[in-house]
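First comes the structure, then the notes that go with it.
Just so you know, residue 1 is the first one in the sequence shown, and it goes up from there.
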Amino acid sequence: MNQKSHTKARRHEGAKGGERSLADFADLDLHFGRFMARFGGGERVALAAAHLSRAVSRGDICLDLKEAPAGETAWPSLDEWREVLGCSRAVAAADSDAMTPLVLDGAGRLYLRRFFIQEAALAEALLDRATEAVPAAVAEGQEAAAELAVSSRLSILCGGPGTGKTTTVVKILLRLTPPGSPAPRLALAAPTGKAAARLEEAVREGLARAERPDLLAALPRATTLHRLLGVTGGPGFRHNARNPLALDFLVVDEASMVPLPLMASLFDALPSSARVLLLGDRDQLASVDPGSVLADIVDAASRPGAPLRGSLAVLQKNFRFGNDHAIYRLAQAVREGRGADAAGLLATPGNGLGHRATPSPAHLNEALRAAAVDGYGPVLRERDPALALEALGRFRILCAVRQGPWGVEEINRRVAALLCEAGLLRGEGPLFAGMPLLITRNDPQLGLFNGDIGLLLPDPAATEGSERSLLAWFPGDGEAAVLRRFTPAQLPAFEPAFAMTVHKSQGSEFDRVLFILPERESPVVTRELIYTGVTRARSHVELWTDPALFAQGVSRRIERASGLRERLAGRG
């Protein structure tokens with residue numbers, strides 16, 4: 001850095017908003033900021049880098065320097081930031097070849113270099129696959145979506161639960177493969193094993209109804225995206241641009257759950273000739289990892305004249321619920337941000353919707369007892385693992401948070417205790433028969449992945465009462481659906497699953513859902529979280545919440561910073 005640059009950096013270093021602000025950061029963010037400042041630029045560089053680290057940990061792809069983060073009352077102007085960051089060897093402009101750890105683009109967005117590269121690469125891959133003709137209106141309905149998918153290398157099919165996304169996949173496969181023609185090299189994938197299994201089951205049922213045994217025989221087992229790309233144990237995947245996937249057609253379900261790094265890796269590994277279909281609901285929660293990729297893609301494609309407009313199809317007709325069904329009406333009100341209307345629906349429960357105020361911690365057991373026994377009694381009375389797993393899929397308790405009186409950890413503890421009191425469980429020790437399991441870490445060798453749900457039960461063939469016969473049972477893969485079983489010691493990390501966070505429930509659906517929201521206001525209760533929780537229910541959802549807090553949550557949106565939608569709209 002030249003003498004002029006050193007002078008500029010020193011001038012900004014002592015400015016208001018530097019050292020004082022850094023005291024409020026987590027250690028990781030603070031250390032990252034200090035490390036970046038050593039490249040030059042002083043406290044202002046440390047401040048920007050610490051805010052970027054914090055933003056990424058919250059799901060953002062970048063830090064928009066045009067807007068002051070919450071709590072910053074003396075935020076520099078964008079011109080000041082450009083002057084300060086332009087003096088640092090830690091930062092390069094977007095069009096520079098310098099291999100700096102941070103990148104500042106022309107719109108004032110500050111990135112970690114790897115996210116900048118991934119966002120740019122994904123945008124380029126999507127735009128390269130876009131159809132040349134840009135229609136005046138977005139395609140709507142299953143037939144239009146099917147026609148789009150068979151004629152394009154990229155199609156995005158967006159719709160809520162029950163709108164027929166997987167039915168449309170079947171229509172696409174039938175159009176791609178007329179009777180007597182060879183089936184394409186096909187892959188069905190999703191972010192979690194549970195979502196992949198649901199996709200495969202729905203496609204198989206559809207092909208069976210269409211009486212296409214040839215396609216059924218050729219249909220591959222659905223897989224997770226990590227398994228499809230090939231986990232290597234190190235950075236990157238086995239399949240990439242140098243070793244692409246051998247595919248003609250890829251279907252990715254629950255695309256809203258796919259973070260930026262994984263989506264970029266997926267498109268990097270796709271051969272240029274392959275068709276790709278992204279299925280998802282842009283109103284659901286995004287991945288816990290950085291990015292809101294599907295929402296960015298759909299928002300960009302919805303703009304008139306946008307390059308991706310000809311790749312988007314939207315399904316709006318709900319085949320699961322009628323327009324008068326309470327779950328449908330509630331989900332629509334939440335999705336559209338109509339907090340007062342959504343809260344008003346809670347006042348007239350019925351037709352698939354139940355409501356009560358969130359109980360205080362002192363009265364929580366009293367409220368939980370009937371729900372726990374009614375919901376999990378059929379599971380715990382069943383001795384056959386296959387039937388018990390089937391019963392487990394009918395009911396689930398969902399929570400907004402992990403910790404605290406209304407969090408997953410406490411609710412799981414209380415439910416287990418209540419089921420013991422009812423004589424349905426013997427809960428001695430950390431593991432016990434009848435305990436639902438949620439896998440929290442991928443194990444490709446065992447074929448168990450984050451989000452998979454199983455059940456601890458004795459082996460029916462073993463001597464009754466033998467502790468060594470306790471096994472973890474999981475649904476099988478593929479058409480045969482033979483149960484898989486493991487000893488508890490074989491399992492990757494797991495936790496009890498009487499209750500799950502809404503995040504962990506994505507990719508799953510249950511006949512009935514008990515959805516518990518905190519008694520007090522919480523910033524994690526957002527429109528996306530409420531919508532996702534409500535739409536996990538196939539037939540009935542009961543909400544425990546204060547209507548005023550519920551309305552506040554509906555009005556609170558998750559806004560993740562990225563440059564992807566601007567790139568895709570041709571403005572990046």
Side-chain angles (χ1 to χ4, degrees), residues 192-194 288 361 364-365 367-383 385 388-443 446 448-458 467 469-475 483-518 533 536 544:
T192 68
K194 179 67 175 178
V288 294
L364 193 51
N365 274 11
L368 269 177
R369 182 175 286 104
V373 171
D374 183 54
Y376 292 116
V379 181
L380 301 175
R381 295 186 186 99
E382 182 57 64
R383 294 291 176 261
L389 279 170
E390 184 180 332
L392 182 62
R394 299 189 192 116
F395 174 75
R396 195 59 40 90
I397 300 173
L398 301 183
C399 302
V401 294
R402 287 199 60 82
Q403 298 176 328
W406 307 279
V408 160
E409 295 174 2
E410 178 65 11
I411 298 298
N412 268 314
R413 185 190 67 78
R414 287 180 183 255
V415 168
L418 290 169
L419 293 172
C420 286
E421 288 178 13
L424 293 168
L425 269 185
R426 294 184 195 174
E428 303 92 352
L431 301 178
F432 47 86
M435 176 179 171
L437 305 175
L438 174 69
I439 298 297
T440 59
R441 184 177 301 166
N442 294 336
D443 189 329
L446 290 180
L448 293 174
F449 297 91
N450 186 11
D452 286 354
I453 296 173
L455 188 63
L456 280 178
L457 285 176
E467 290 186 1
S469 69
L470 194 64
L471 297 172
W473 301 83
F474 289 83
L483 291 190
R484 296 175 294 161
R485 60 183 188 176
F486 308 91
T487 65
Q490 289 179 283
L491 298 177
F494 64 88
E495 61 189 30
F498 292 111
M500 302 165 60
T501 63
V502 175
H503 272 97
K504 289 290 187 182
S505 74
Q506 285 184 271
S508 299
E509 291 179 353
F510 311 96
D511 292 343
R512 296 185 297 122
V513 165
L514 169 58
F515 187 7
I516 303 176
L517 294 171
R536 297 310 88 200
W544 291 3

Nearest atoms (heavy-atom pairs only) where Gly407 meets Cys399: C-SG, 4.1 Å
Side-chain touch Leu471/Leu457, heavy atoms, less than 4.5 angstrom: no
Heavy-atom pair with the smallest gap, counting every atom of Thr501 and Val408: N-CG2, 3.3 Å
From Leu398 atom CG to His503 atom NE2, the distance as rounded to the nearest 0.5 Å: 12.5 Å
Any Asp443 side-chain heavy atom under 4.5 Å of Arg441 side chain: no
Short N-O contact, Glu495 and Arg402, less than 4.0 angstrom: yes
Student check: side-chain heavy atoms of Leu425 and Tyr376 closer than 4.5 Å: no
Heavy-atom closest pair, residues Leu455 and Ala388: CD2-CB, 3.5 Å
Straight-line distance of Trp406 CH2 to Ile516 CD1, nearest 0.5 Å: 11.0 Å
Residues forming a ring-ring contact (aromatic ring centres under 6.0 Å, His included) with Phe515, sequence neighbours excluded: none
Check: Arg369 and Glu421 side chains under 4.5 Å, non-hydrogen atoms: yes
ring-ring contact (aromatic ring centres under 6.0 Å, His included) partners for Phe494, two or more places apart: none
Residue pair Leu418 / Val373, side-chain heavy-atom distance below 4.5 Å: no
Value rounded to 0.5 Å, distance of CD1 in Ile411 from CG in Leu514: 8.0 Å
Reported CG-to-CZ distance for the pair Leu364 and Arg414, which is rounded to 0.5 angstrom: 4.5 Å
Non-hydrogen atoms of Pro458 and Leu470 that approach each other most closely: N-CD1, 3.9 Å
Sub-4.5 Å side-chain heavy-atom contact between Arg396 and Met500: yes
Flag, side chain of Gln490 to backbone of Thr487, donor-acceptor distance under 3.5 Å: yes
Over all atoms of both residues, closest heavy-atom pair of Val502 and Gly533: CG1-N, 3.6 Å
Closest non-hydrogen atom pair between Ala372 and Leu419, with its separation: O-CD2, 3.6 Å
Rounded distance (nearest 0.5 Å) linking atom CD of Gln506 with atom CZ of Arg536: 7.0 Å
Check: Phe395 and Arg512 side chains under 4.5 Å, non-hydrogen atoms: yes
Inter-residue atom distance Leu368.CG - Trp544.CH2, 0.5 Å rounding: 4.0 Å
Parallel, tilted or perpendicular, as decided by the 30° and 60° cut-offs, for the rings of Phe486 and Phe474: perpendicular
Arg426 side chain vs Gly423 backbone, donor-acceptor pair below 3.5 Å: no
